[in-house]
Amino acid sequence: MISTSLSHLADVLSGRLVVRSGDTPDTTVSGLVDTDSRLIERGDIFVAKPGETTDGHLFVGTAVERGAALAIVEREVEAEVSQIVVADVVAALADLARDVVARVRAHGDLKIVGITGSNGKTTTKNLLARILEGEGETVAPRASFNNEVGAPLTMLRVTDATRYLVSEFGASAPGAIARLAGLVTPDIGVVLMVGMAHAGGFGGIESTFHAKSELVKATREGGLAVLNADDPRVAAMEPIARERGQQVRWFGRGERAEVRAVDVEVSASGTRADLLVDGEPFTLTLRVLGEHHVMNALAALAAATALGVSAADAIARLETVEIAERWRMQPLGSDRVRIINDAYNASPDSMAAALRTLAQITGPDERTVAVLGAMSELGEYADEEHDRVGLLAVRLRIQRIVVIGPEARRMYLEAIAQGSWDGEAVFFADADAAFDYLSTELRDGDRVLVKSSNSAGLRHLGDRLGELFA
């Protein structure tokens with residue numbers, strides 16, 4: 001964070017300053033800001049966030065032992081550290097992020113890109129950050145820091161030397177993206193797709209459309225909207241962008257796209273795509289598995305070139321990315337038994353994309369094995385969407401379907417209802433039982449996809465299988 005006095009912070013947060021440890025109101029702090037006391041280092045700022053199972057106020061002492069220079073709290077704590085007492089520490093995080101980014105922007109060259117979409121946010125964020133890091137200091141979220149806590153924490157990492165801030169915006173409810181993006185008013189808003197992820201919480205896909213369009217509305221007037229030309233709902237955001245005087249830059253597979261993939265080939269080692277970037281031909285060879293990641297690369301490329309990065313340089317940097325993120329199409333195991341651990345998150349769209357990738361990268365003498373768990377946050381659509389996944393797995397001729405957990409059972413039931421199955425589809429109540437089965441069932445030449453929402457916990461099963469067959 002940029003250097004800031006305690007008195008200025010108290011004013012910004014509308015908080016009460018408690019000065020301790022020889023500090024004065026004019027004492028400045030400039031360390032990182034975090035809610036995890038284990039990550040605090042000397043000079044950092046600890047935010048004591050109350051949680052569902054514990055309370056950050058209990059860890060102020062630990063943060064001080066690790067060198068915290070300031071604690072932001074909702075109640076004064078007996079600890080030898082200066083504190084700012086606020087009504088709501090999460091709201092205070094947002095206020096602090098807004099202030100810091102505004103001050104950096106006012107006297108620097110900071111450009112801000114916001115990214116949202118039902119799928120692909122984290123991958124696109126990582127790809128864009130890899131491109132921009134070659135141009136100057138770039139701040140981007142760790143993992144999927146895209147909510148009311150993670151997004152401000154990322155914003156607070158900017159300094160006067162930061163040239164690019166890449167923010168990822170998730171949405172737990174309508175209005176969430178508007179609030180988060182409104183903290184920084186991005187110069188560029190990237191919308192990847194509108195799908196069924198979180199549809200249960202939004203009340204349907206049309207409500208999801210309105211939630212994702214909040215980013216376009218929050219992008220600055222006269223800025224740029226980078227939109228998926230292949231997704232009709234994303235394309236329908238064009239009038240919103242035009243009303244705000246924004247330019248629109250399209251990416252996709254169709255002829256409308258200025259950043260376009262005209263031919264794509266998928267293999268077990270990655271994905272090759274012939275591109276046209278503003279009419280100029282290029283070839284992209286992604287190490288990241290999956291045809292669907294080409295669209296994420298196109299979005300990153302569209303934003304980066306709009307910021308002045310040459311297409312050739314951007315593509316060269318994209319080609320250095322080996323995995324999108326841990327537990328996201330992550331290759332594990334060995335050439336003998338290849339495990340693809342994609343169990344950080346799942347929606348109907350990403351589940352379908354992962355299954356298609358499995359089918360595409362498996363050779364004629366190899367066997368496809370799909371290890372599937374539940375997709376969360378689908379609400380009333382859960383049964384229908386789990387049925388669709390089971391049906392798709394059969395239609396893609398996945399040779400062994402392993403379904404885990406009662407919430408995912410309908411995938412198994414739909415699979416066995418689709419044909420004369422004789423052990424090709426199996427069901428297990430938990431991951432341990434599935435591991436015992438897979439440890440003896442898997443054989444040389446198997447290509448194994450492990451896919452579920454984070455809440456199903458199958459990412460750890462994927463890791464275990466990767467170690468077993470390394």
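What you see below is based on every heavy atom in this structure, not just the backbone, and it leaves out hydrogens, waters and symmetry mates. Every value quoted in this text rests on a predicted model; they were computed, and no experiment measured them.
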Any sub-3.5 Å donor-acceptor pair from Thr362's side-chain atoms to Thr368's backbone N or O?
no
Result for side-chain contact (heavy atoms from CB on, under 4.5 Å) between Val166 and one of Leu128, Thr154, Asn126 points to Leu128
Q.
Run Val113 and Leu165 through side chain to side chain contact (heavy atoms under 4.5 Å, CB included) and show every step you take.
A. CA-CA 6 Å; Val113 182; Leu165 168 62; over 6 Å; no
Separation between CD1 (Ile361) and CE (Met329), nearest 0.5 Å, reads 6.5 Å
So, are Asp231 and Arg233 salt-bridged, with charged N and O less than 4.0 Å apart? no
Next item on the list: Go through Leu391 and Gln418 one step at a time and tell me if the side chain to side chain contact (heavy atoms under 4.5 Å, CB included) criterion holds.
Entry: CA-CA 7 Å; Leu391 174 60; Gln418 290 302 315; 3.3 Å; yes
Taking every heavy atom of Ala346 against every heavy atom of Ser452, the minimum-distance pair comes out as CB-C, 3.3 Å
Heavy atoms of Ala431 and Leu461 approach each other most closely as O-CD1, 3.9 Å
Salt bridge (Lys or Arg N to Asp or Glu O under 4.0 Å), that's the test. Do Arg388 and Glu384 meet it? Break it down for me. CA-CA 6 Å; Arg388 289 181 188 275; Glu384 177 184 354; 2.7 Å; yes
| 4.5 Å side-chain heavy-atom contact, Leu127 and Leu318 | yes
Taken to the nearest 0.5 Å, the spacing of Arg260 CZ from Phe251 CZ works out to 14.5 Å
**Request:** Measure from the side-chain N and O atoms of Glu258 to the backbone N and O of Trp250, and report whether any donor-acceptor pair falls under 3.5 Å.
**Result:** yes
All heavy atoms of Asp446 vs all of Leu442, minimum pair found to be OD2-CA, 3.3 Å
Asp387 vs Arg410, salt bridge (Lys or Arg N to Asp or Glu O under 4.0 Å): CA-CA, chis, key distance, verdict: CA-CA 6 Å; Asp387 288 349; Arg410 289 191 64 122; 2.7 Å; yes
Q. Under 4.0 Å between a Lys/Arg side-chain N and an Asp/Glu carboxylate O for Arg287 and Glu322?
A. yes
In short, Ala425 meets Ile416 closest at the heavy-atom pair CB-CG2, 3.8 Å
Shortest non-hydrogen pair, Val149 vs Val90, comes out as CG2-CG2, 4.3 Å
| said: Tell me if a side-chain donor or acceptor on Lys125 pairs with a main-chain N or O of Ala140 at a distance below 3.5 Å. | reply: no
Main-chain N/O of Tyr164 paired with Thr138 side-chain donor or acceptor, under 3.5 Å
no
inquiry  = For Asp230, is there any backbone N or O sitting under 3.5 Å from a side-chain donor or acceptor partner on Arg253?
reply    = no
- Query: Any ion pair linking Lys121 and Glu168 (charged N to carboxylate O, less than 4.0 Å)?
  - Reply: no
**OP:** For the pair Asp99 and Arg103, find out whether any cationic side-chain nitrogen is under 4.0 Å from an anionic carboxylate oxygen.
**Re:** yes
Legend entry - Asn341 side chain vs Arg459 backbone, donor-acceptor pair below 3.5 Å: yes
SB check Arg142 Asp34 (cutoff 4.0 Å):
yes
Closest non-hydrogen atoms of Ala408 and Gly373, given as atom of the first, atom of the second and distance, are CB-C, 3.6 Å
In the structure I gave you, are the side-chain heavy atoms of Val33 and Asp44 within less than 4.5 Å of one another anywhere?
no
Q: Take atom CD of Gln360 as the centre, draw a 6.0 Å sphere, and report whether it contains more than 12 heavy atoms from other residues, nucleotides or ligands.
A: yes
* With a 4.5 Å heavy-atom cut-off, do Pro186 and Arg220 have their side chains touching? -> no
| Does Val184 offer a backbone N or O that forms a donor-acceptor pair with the side chain of Arg105 under 3.5 Å? | yes
CE (Met351) and CG (Asn119) are apart, to the nearest 0.5 Å, by 11.0 Å
Can a donor-acceptor pair be found between the side chains of Glu137 and Thr159 at a distance below 3.5 Å? yes
Asp335 bridged to Arg447 by N-O distance under 4.0 Å: no
Between the CD atom in Glu380 and the CD atom in Glu385, the distance rounded to the nearest 0.5 Å is 11.0 Å
Quiz item: With side chains defined as the heavy atoms from C-beta onward, is the minimum distance between Ile339 and Val450 less than 4.5 Å?
Solution: yes
- Can Met411 and Phe427 be said to form a side chain to side chain contact (heavy atoms under 4.5 Å, CB included), step by step? CA-CA 9 Å; Met411 294 182 191; Phe427 173 80; over 6 Å; no
_Is it the case that atom CZ in Arg256 sees more than 12 heavy atoms from other parts of the structure closer than 6.0 Å?_
yes
Residue pair Val337 / Arg443, side-chain heavy-atom distance below 4.5 Å: no
*asked:* In the structure I gave you, are the side-chain heavy atoms of Lys212 and Ile177 within less than 4.5 Å of one another anywhere?
replied: yes
Check: So, are Arg367 and Glu441 salt-bridged, with charged N and O less than 4.0 Å apart?
Finding: yes
(message) Quick one: does any side-chain atom of Glu221 pair with a main-chain N or O of Gly245 as donor and acceptor, under 3.5 Å?
(response) no
(request) Go through the steps to decide whether Arg249 and Thr305 satisfy the test side-chain hydrogen bond (donor to acceptor under 3.5 Å, both in side chains), and finish with yes or no. (result) CA-CA 10 Å; Arg249 188 159 171 79; Thr305 50; 2.9 Å; yes
Main-chain N/O of Gly120 paired with Thr123 side-chain donor or acceptor, under 3.5 Å
no
CD1 of Ile240 to CD of Glu214, rounded to nearest 0.5 Å, is 10.0 Å
query: Is any side-chain heavy atom of Leu224 closer than 4.5 Å to a side-chain heavy atom of Gln246?
result: no
Looking at Ser334 and Arg336, would you say the former's side chain and the latter's main chain have a donor-acceptor pair under 3.5 Å?
yes
- Salt bridge Arg272-Glu319, side-chain N to carboxylate O under 4.0 Å: no
Leu458/Ile404 under side chain to side chain contact (heavy atoms under 4.5 Å, CB included): CA gap, chis, key distance, verdict:
CA-CA 9 Å; Leu458 297 197; Ile404 303 171; 4.0 Å; yes
**OP:** Show your working on side-chain hydrogen bond (donor to acceptor under 3.5 Å, both in side chains) between Ser269 and Ser267 and close with a plain yes or no.
**Re:** CA-CA 5 Å; Ser269 60; Ser267 71; 3.1 Å; yes
>> Could you tell me if the side chain of Val190 sits less than 4.5 Å from the side chain of Ile188, heavy atoms only?
In response: yes
CG (Asp444) and CD (Glu366) are apart, to the nearest 0.5 Å, by 10.5 Å
